[in-house]
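This report concerns only the one structure given below.
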There are 2 protein chains.
Amino acid sequence: MADLTITEVSKKYDIKPDTLRYYERIGLIPKVPRQSNGNRYYNEGLQGWIEMIVCLRHSDVPVEKLVDYAEMLRQGDSTLDAREELLKEQLAELEQRKSNLNRSIKRLKHKISLYDSGEIKKGKSYFEEYKIMDD
Amino acid sequence: MADLTITEVSKKYDIKPDTLRYYERIGLIPKVPRQSNGNRYYNEGLQGWIEMIVCLRHSDVPVEKLVDYAEMLRQGDSTLDAREELLKEQLAELEQRKSNLNRSIKRLKHKISLYDSGEIKKGKSYFEEYKIMDD
DNA sequence: TCTTGACCTTGAGTTAACTCCAAGTAGTAC
DNA sequence: GTACTACTTGGAGTTAACTCAAGGTCAAGA
């Protein structure tokens, strides 16, 4: 895999150059190597790291947690346990999120079915339709 | 179901009184009826509506979208189609979110398994471990 | 040589969604 | 009557995560 400029990485992962620089500033991405003119180039390892970050950010894993993880990586083997712990916490968080999501999806689908069946039309008062669903 | 005070609703749905007042201010909750002393009381219909909002907010459906929906509800039958449309859009959004989430969960699990198997320990350089996963 | 375009830096501005604060009132407990 | 508690209001402050603006450098092409 070839080195890429900031705009190329930006396009590859659909993330703004400003965001990439911001991530570097706060320590989420390590010091990116530069060309002689000062421009950044992203090698294979960096691209993999960025891919990971972008993936987790799409699921709203907090930037702060990712920074903590990156910081621990930098510190080396002494942080192995803490790193694993952090990953497990975030996993638990996402599983929770997934269950919330399923609940919301179920609710929306139910409500849409009421619209589709015409049940919502029947002259209900504006908020009456919001009886608690039995779930 | 009985009427509840703001603190009671707050406890029931685990949401701060300030947030409930804020939701009312921005039109996400309709004008809440008051007791003679000016205090709010939430009747059954309102509680159902709040339950719905809280559920969808747990999945990060934007407050703005919910306000739009509430506004359309207030406008009555002429907005039926637009309301259904909005619900369908949000549903699509949540399905997308769910697929992101599954991807992230898979990734975290994989990474945790590397820690558990001891593979991460083997003197890898700090970011080398972030090769792109084949998913 | 001049201009264009892609990059750079620092620092400020924006957005969403709360969250808090100060000051005031109503109702009850002693 | 006074303290205490639970509410009220309007408005200001906070947080996370970008996002943008202003001004500067540098290499390539007309």
Side-chain angles (χ1 to χ4, degrees), chain A residues 2-43 46 50 52-71 90 93-94 97 100 104, chain B residues 2-43 46 50 52-71 90 93-94 97 100 104:
Chain A
D3 293 350
L4 300 180
T5 68
I6 198 166
T7 351
E8 285 163 344
V9 170
S10 151
K11 277 169 189 154
K12 182 169 177 188
Y13 299 111
D14 193 25
I15 175 178
K16 299 201 173 150
D18 268 333
T19 305
L20 282 166
R21 283 187 282 257
Y22 163 69
Y23 282 168
E24 189 178 342
R25 206 156 62 208
I26 63 174
L28 178 48
I29 295 175
K31 285 273 181 197
V32 176
R34 307 303 183 99
Q35 288 162 340
S36 54
N37 61 8
N39 291 11
R40 289 166 176 82
Y41 65 90
Y42 296 82
N43 56 32
L46 278 170
I50 289 165
M52 169 86 164
I53 285 168
V54 166
C55 173
L56 296 182
R57 285 295 302 133
H58 278 148
S59 297
D60 296 305
V61 173
V63 166
E64 192 191 2
K65 295 291 172 187
L66 298 174
V67 171
D68 288 352
Y69 187 82
E71 178 57 30
Q90 293 314 304
E93 181 64 39
L94 294 196
R97 211 91 64 77
N100 292 153
S104 296
Chain B
D3 292 350
L4 299 180
T5 67
I6 199 165
T7 354
E8 285 163 342
V9 171
S10 149
K11 277 169 189 153
K12 183 168 177 189
Y13 298 112
D14 194 24
I15 174 177
K16 300 202 172 150
D18 268 332
T19 305
L20 283 165
R21 284 188 280 258
Y22 163 69
Y23 282 169
E24 190 178 341
R25 209 159 56 211
I26 63 174
L28 178 48
I29 296 175
K31 284 273 178 198
V32 176
R34 306 305 182 98
Q35 288 163 340
S36 53
N37 61 9
N39 290 13
R40 292 168 175 81
Y41 66 90
Y42 296 80
N43 56 33
L46 278 170
I50 288 164
M52 169 85 164
I53 285 167
V54 166
C55 172
L56 296 182
R57 285 297 300 135
H58 278 146
S59 297
D60 296 304
V61 174
V63 166
E64 192 190 3
K65 295 291 173 188
L66 298 174
V67 171
D68 288 351
Y69 187 81
E71 178 57 30
Q90 293 314 305
E93 182 64 40
L94 295 196
R97 212 92 62 77
N100 290 155
S104 295

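The analysis underlying the following values was restricted to heavy atoms, covering all of them including side chains, and did not include hydrogens, waters or symmetry mates. Residue numbers begin at 1 in each chain, while the letters A, B, ... track the order of the sequences.
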| remark: Value for CZ (B/R57) from CG (A/N100), rounded to nearest 0.5 Å, stands at 12.0 Å
| Please give, in whole Å, the distance from D/dT19 P to A/I15 CD1? | 9 Å
| What distance separates A/Y42 OH from A/T5 OG1, expressed to the nearest 0.5 Å? | 9.0 Å
| query | For B/Y42 and D/dT8, what is the distance between atoms OH and P respectively, to the nearest whole Å? | reply | 7 Å
| field | Minimum-distance nucleotide (side-chain atoms of A/R57 versus C/dC7, D/dA6, D/dA17) | value | D/dA17
| query | On DNA chain C, nearest-nucleotide positions of B/V61 versus B/G38: which is more 5'? | reply | B/V61
| query | Atom CD1 of B/I15 and atom NE2 of B/H58: how far apart are they, to the nearest 0.5 Å? | reply | 8.0 Å
| message | Quick check for you: to the nearest 0.5 Å, what is the distance between A/Y69 atom OH and A/L56 atom CG? | response | 10.0 Å
| query | Looking at B/R34, does any N or O in its side chain come under 4.0 Å of the phosphate oxygens OP1/OP2 on C/dA26? | reply | no
| Rounded to the Å, how far apart are A/Y22 OH and D/dT15 C1'? | 11 Å
| If you check the A/V63 side chain, which of D/dC26, D/dC18, C/dC18 turns out closest? | D/dC18
| request: Give the rounded distance in Å between these two atoms: NZ of A/K16 and C1' of D/dT19. | output: 6 Å
| request: Using a 4.0 Å heavy-atom cut-off across all strands, classify B/R25 as base, sugar-phosphate, or nothing. | output: base
| message | Tell me whether the side-chain N/O atoms of B/R40 come closer than 4.0 Å to OP1 or OP2 in D/dC7. | response | no
| query | For A/L20 and C/dC8, what is the distance between atoms CG and C1' respectively, to the nearest whole Å? | reply | 14 Å
| task | To the nearest Å, give me how far apart OH (B/Y41) and P (D/dC7) are. | result | 16 Å
| field | d(CG, B/D18; C1', D/dA6) in whole Å | value | 13 Å
| said: Using salt bridge (charged side-chain N to carboxylate O under 4.0 Å, His left out), reason through A/K65 and A/E93 one step at a time and then give a plain yes or no. | reply: CA-CA 12 Å; A/K65 295 291 172 187; A/E93 181 64 39; over 6 Å; no
| request: Could you tell me whether A/P17 contacts a base, only the sugar-phosphate backbone, or nothing, with contacts defined as non-hydrogen atoms closer than 4.0 Å? | output: nothing
| query | Looking only at side-chain N and O atoms, does B/R21 come under 4.0 Å of OP1 or OP2 in D/dT8? | reply | yes
| field | OP1 or OP2 of D/dC7 under 4.0 Å from side-chain N/O of B/T5 | value | yes
| message | Return whichever of A/Y23 or A/S36 has its heavy-atom-nearest nucleotide of DNA chain D closer to the 5' end. | response | A/Y23
| field | Protein-nucleotide distance (A/N39, atom CG; D/dA28, atom P), rounded to Å | value | 12 Å
